[in-house]
Amino acid sequence: MTVTRCDASVESMLAARVARLRLTSTSISTSTTVYRYKYMGHQQTLGQDARCKFFEMPPGKKGPQPHQASLADMWGGGKKKEKKPKEEQKEEKEKEKEKEVEEKEEKAGTSASGSVKEEGKKGTDTVTDPFTVASENAKRKQPSSPAKSPARSAQQPQAKKRRVIESDDEEGAAGKGKVSRSRSASPAAPAEPPRKLGPPKGKGKKPAPKAAVEEDMEMEEDDTDAREAATVKKEVAAAKKEVAATKKEAAVATKVAASAKGKGKAKDKIKKVEEEEMEVDEAAASTSADEGAEELEDESEEEIEEEKVASKNAEAALDRKTEVDIPGGWKVGAPVPYAALAKTFALIEATTKRIEKTSLLTSLLLLVIERSKEGDADSLLRTVYICINRLSPDYIGIELGIGESILIKAIGESTGRSLAIIKSDLKKEGDLGLVAMNSKNMQQTLFKPKPLTVPFVFANLKEIALSSGHSSQNKKVSIITKLLAACQGQEAKYIVRSLEGKLRIGLAERTVLVALAHAAVLAEQQRASKKWNKEKLASRLEEGAHVVKSVYSELPSYDKVVPALLEVGIAGLQEKCKLTPGVPLKPMLAKPTKAIGEVLDRFEGKRFTCEYKYDGERAQVHRLEDGTVGVFSRNSEDMSKKYPDLVEQLPHCIKESTKSFVIDAEAVAIDRSTGKLMPFQELSKRETDRKDVKVEDIQVRVCLFAFDLLYLNGEPLLHRDLTERRELLREHFQPVDFEFQFAKSSDNESTEDIQAFLDESVKDGCEGLMVKMMESEASHYEPSRRSVNWLKLKKDYLAGVGDSLDLVVVGGYYGKGKRTNVYGAFLLACYDADSEEYQTICKIGTGFSEEALAAHWDVLRPLELEKCRGDIKAGGAKPDVWFEPRVVWEVLTADLSLSPVYTAAMGLIDQRGISLRFPRFIRVRDDKNADDATGPDQIAEMYERQVLAQGSSKKQKGDGDGDDGFW
DNA sequence: AGAGGGTGACC
DNA sequence: ATTATGT
DNA sequence: ACATAATGGTCACCCTCT
């Protein structure tokens, strides 16, 4: 086996990293090397859970817990725990450290089998049968996890700390780090992207906000200082769980951060930690600093003032207009300059503070309102639309039809750079917006273009969206080129991101709504020249936010809400904008649940109900007084065209008394001859709404499973109890075989009953259960909220129950955004021992902590190959880089599917290969070699079992099991 | 006309 | 969809 | 708790190229 040869510096770098990671390599034979990472892989078993457990389970208090605590409790527990005296924390920490050492020793000293311990519980075979092994696993896993989790949580901060120290060392010790970094410039090396070694958190802001930060540095030292200190503080806070030495550092840095004024020693510290970051970013920053400085210079003075006040005074925090405005402002009635938006975005991007983001946007919107002519709602409306990256209400459905590829082409065209260069920049920057901006700023612009305005940008976006047909792509590209040509400073960045459909400034619709509300309140205050006192204002703001959010979730149309807001203000808004059949409302969402016990915990003593969670498509069906029927998707897309059959079926299913209504339901593919529900994959074969679908042509029929009633005969029901809504639903609708059913439900309350019902639901081809509060306000329908009043219970959430596989990492994809400079996703394969080949099965991109990603980079990067190895059967997969197949991960999945691209188990079940639905990373299996990975036969078997499990329910019509029909 | 890439919808 | 993270 | 942003597979549809 040939490992890719690298130059000497790479090797030394590797050695260093290997040492740091305590990655031990054990030679098993000449051809195989087992890498054992000892890092947080193991802690990750429970993912999110681990974080909660950290708070929840002090070592003293564990013991066999009947079930895991509810999320709410964990959250609460977290707060409690944080207040814990330091002493205790320290103790805990110490213990955990010991533990870790133990583990380490064990690892080093024993054979693979030894190190597996309980973690290897499934032995070499992680493939589990959910229905036989389930309960056992649960039993075993649950009591064991409290013991494990503290160790887990302790290791994470520790890893962070380690990294901080590392940086220091590198700085001090003649810059080992520098060597390895600068190596990226060395011609022989396979161009390693410059990589920040600080903990991901430290680089939190990343290239993107960097520019903004840099600006600030130019104009305001103190501010920068504070920012840096804050960053460091975070790192330190994370690290403080460790040795005393670090603690000193922490103390210093924290103090500095708190006072935001201290300099001197502390600053040095900061410098050290931050330096490599600067090093890396120097180039990028300096290119953009110019404009930035220019823009901001003239108001730096005011800003200092404002900054100070803002931090002390919540009220003042809301008025940052000067910060957000562009030099010279703009005239009342003039179009909103896009530069003002870009500037605001940059400021928003530069902070992680939610309140600050909101207040910045509020200020911008307020400016827009102030400078709009009487009766001009469009300025504000368009501004808002750009902020949320949409062109019209969802249910209108207008798409840009622009993706990365076209964008790359356009950027290439407008900057005259080759596609290859753009692509490599993208890899480096992790953001096409930045690439565009940098490319642009490198060019000498001869003429200063006419400034972009919001209406102009908006109109162009719309034109892009509306162009179709022959040569439309060229047209789109040329519009983009034109737009980019007119960009100044940071504008290109945000234009491009808008086109990508993600602003990525840590601000999305929710926050925009709040800002909109706040701006409206403040505008009102100004107009009335009132000056509310602090409390009054605060409560007004809060109320406004609440009103706007709730109005919007019932009538999600800025086209309607924004003008109404300007016209009648917050006070009259609710009256003016109400739930309207024909306009989809945001559906209520459910929280995932990790154990049945959690459900009981949450709903203890309350009445609740379990319903089947059907595996189909969410469908909100509206009927207006005039008989018009509309079907809307979960994302408020109008699916009426896609479901002409539903529209046609519906009249049979309602009773005389029912005139207008809105129901919440799931549309599921059904086999009309057997009455069996079909898997989601079948449903997705239906034609979409882009062309008019004729009922006769429909191959895949659907049955509607209704579970909620939101509006009936002119009356909204959102604020009624679920019991009542359900009663009305059953009263006013009637099930029709194969067409319309009520979601099967069970109101039992014991663990056993729920478990049984869950199993049953899976047998009937469902994903699991929805558990809902029945009475009290908690049972009301809360549009768009992912509330704990609805829980979803799926078998693969349940700890230790879902299907998990051990797969080999054979490829990597460069990450974007916050995953810049690490792999953002990976290609996995199973291993076929017979043919001795690796068969790809899926990509995976979730389940990784930032640390895990960093560690994976370190481990896998040396395994990069020139090209795909011959024994890897790739299928359609094209990763950015291929790896030597060596690293094995445990991966969890909800389902297996037949795949048009992957090759796993090809020919065993079907000509197609098999892939995974909802794959997520669980942990590293450092006890396994690549050839110990799950094999195609096992995968085929799992697939078969899945098909069987779902078909195994015997259902016949009218078997009278009571509940509204036969399933 | 058909293949293949790109995009956006669903989950 | 799932998951991790910051406030 | 909430909001945000990383990322998954599969399908139909559109556009472009052959």
Can you name the residues that form a side chain to side chain donor-acceptor pair (under 3.5 Å) with [X], not counting sequence neighbours?
X      : answer
A:E767 : A:K613, A:K794
A:S553 : none
A:E666 : none

> Side-chain N or O of A:Q681 less than 4.0 angstrom from OP1 or OP2 on D:dG9?
Replying inline: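 No, no such contact exists.
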Can you name the side chain to side chain contact (heavy atoms under 4.5 Å, CB included) partners of [X], sequence neighbours left out?
X      : value
A:N635 : A:S633
A:I698 : A:P644, A:D645, A:R686, A:V693, A:R701
A:A410 : A:V477, A:I480

> Is any side-chain N or O of A:T846 under 3.5 Å from a base N or O of C:dT2, one able to act as donor and the other as acceptor?
Replying inline: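 Counting by modelled atom types and ignoring angles, a donor-acceptor contact under 3.5 Å is found here.
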>> Would A:Y797 and A:E598 count as a side-chain contact (heavy atoms from CB on, under 4.5 Å) here? Give the steps.
In response: CA-CA 12 Å; A:Y797 296 160; A:E598 196 180 312; over 6 Å; no
>> Can you work out whether A:S915 or A:H470 has the more 5'-proximal nearest nucleotide on DNA chain D?
In response: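 Taking each residue's closest nucleotide, the earlier one in sequence belongs to A:S915.
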Please tabulate, for the side chains in residues 910-918 of chain A, all donor-acceptor contacts under 3.5 angstrom to protein atoms that are two or more places apart in sequence or on a different chain.
| unit_1 | atom_1 | unit_2 | atom_2 | d |
| --- | --- | --- | --- | --- |
| A:D910 | OD1 | A:R912 | N | 2.7 |
| A:D910 | OD1 | A:R912 | NE | 3.1 |
| A:D910 | OD2 | A:R912 | NH2 | 3.3 |
| A:S915 | OG | A:I841 | O | 2.7 |
| A:R917 | NH2 | A:D615 | OD1 | 3.1 |
| A:R917 | NH2 | A:D615 | OD2 | 2.5 |

With respect to the side chain of [X], which nucleotide from [options] is positioned closest?
X      : options              : answer
A:A508 : D:dT7, C:dT7, D:dT4  : D:dT4
A:A825 : D:dG8, D:dC11, C:dT7 : D:dG8
A:Y902 : D:dC11, D:dT7, D:dG9 : D:dG9

>> Strictly under 4.0 angstrom, non-hydrogen atoms only: write out the protein contact profile of nucleotides 2-11 of chain B, one letter per nucleotide from the 5' end, B, S or -.
In response: ----SSSSBB
> If you look at every strand shown and take non-hydrogen atoms under 4.0 Å, does A:I841 touch a base, only sugar-phosphate, or nothing?
Replying inline: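 Contact class for A:I841: none.
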>> Classify A:K816 by what it touches in the nucleic acid, base, sugar-phosphate, or nothing, heavy-atom distance under 4.0 Å.
In response: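 Here A:K816 touches the backbone only, sparing every base.
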> Listed in order of residue number, which residues of residues 893-901 of chain A have a non-hydrogen atom at under 4.0 Å from DNA chain D?
Replying inline: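 By residue number: A:S897, A:L898, A:S899, A:P900, A:V901.
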